[in-house]
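Residue indices begin at 1 and follow the sequence shown. Since we're looking at a predicted model, the values are computed, not measured.
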Amino acid sequence: ARKQRAAAAGAIESVVAAMQAHLQEAGMQEMGCWALANMCFGTDAAGLARKQRAAAAGAIESVVAAMQAHLQEAGMQEMGCWALANMCFGTDAAGLARKQRAA
């Protein structure tokens, strides 16, 4: 319920915007990945919709950019992997498309 309320309030888009605006801030990127990973967790219809919303907002590209910008930050890499894993989970057509975007 909290994940859904956060998404409905625009949290996914806000996190992506913050990540894009502060790419060189490793701590900001790590927390952004953490937030996205949490909001995109879930395999029910609402969870899958949040994954799609994140992809549409540019979250996959933002996480990849953060990982590339902070290669030496282990915590950042861990959170980035977690965010990508949660966003790309799914075997339906949308899930496969998200995986392709991340590749």
Side-chain angles (χ1 to χ4, degrees):
R2 291 184 307 250
K3 293 179 189 105
Q4 204 55 36
R5 283 198 316 264
I12 291 170
E13 294 81 1
S14 293
V15 168
V16 170
M19 290 177 73
Q20 290 170 345
H22 303 285
L23 182 59
Q24 297 309 314
E25 298 294 330
M28 168 61 227
Q29 298 301 314
E30 185 174 342
M31 290 297 103
C33 288
W34 180 73
L36 289 170
N38 278 300
M39 286 188 281
C40 292
F41 183 78
T43 58
D44 60 352
L48 295 174
R50 288 190 305 273
K51 294 172 197 308
Q52 277 306 109
R53 186 170 181 164
I60 292 170
E61 294 81 1
S62 290
V63 170
V64 170
M67 293 177 76
Q68 290 172 341
H70 303 285
L71 292 171
Q72 301 306 315
E73 299 289 335
M76 171 57 241
Q77 298 299 314
E78 181 179 356
M79 287 300 146
C81 288
W82 187 35
L84 288 173
N86 283 351
M87 283 190 280
C88 294
F89 183 84
T91 57
D92 60 339
L96 296 175
R98 289 190 304 270
K99 289 179 179 117
Q100 194 63 35
R101 280 179 79 169

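Not one N or O on the side chain of Lys51 forms a donor-acceptor pair closer than 3.5 Å with the backbone of Thr43. Under a 3.5 Å cut-off, the side chain of Arg50 and the backbone N or O of Ala7 do not form any donor-acceptor pair.
Distance check: Met67 CE to Glu30 CD gives 11.5 Å after rounding to the nearest 0.5 Å. Here CE of Met39 is found 13.0 Å from CZ of Arg2. Values are rounded to the nearest 0.5 Å. Remark: Gln77 CD to Gln29 CD distance equals 11.0 Å, nearest 0.5 Å. Rounding to the nearest 0.5 angstrom, the gap separating the CG atom in Leu71 from the CE atom in Met76 is 9.5 Å.
Heavy-atom minimum distance, Val15 versus Gly32: CG1-O, 3.5 Å. Closest approach of Ala26 and Glu73 over heavy atoms only: CB-CG, 4.0 Å. Closest of all the heavy-atom pairs between Ala83 and Cys33 is CB-O, 3.5 Å. Closest non-hydrogen pair, Ile12 versus Ala54, comes out as CG2-CA, 3.5 Å.
Applying the salt bridge (Lys or Arg N to Asp or Glu O under 4.0 Å) test to every pair with at least one member in residues 10-21, sequence neighbours left out, gives these pairs: Glu13-Arg53.
In the displayed structure, Trp82 atom CH2 is contacted under 6.0 Å by more than 12 heavy atoms of other residues, nucleotides or ligands.
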Full working for side-chain contact (heavy atoms from CB on, under 4.5 Å) between Gln52 and Leu48:
CA-CA 6 Å; Gln52 277 306 109; Leu48 295 174; over 6 Å; no
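Within the 4.5 Å cutoff, no side-chain heavy atoms of Asn86 are placed close to those of Leu36.
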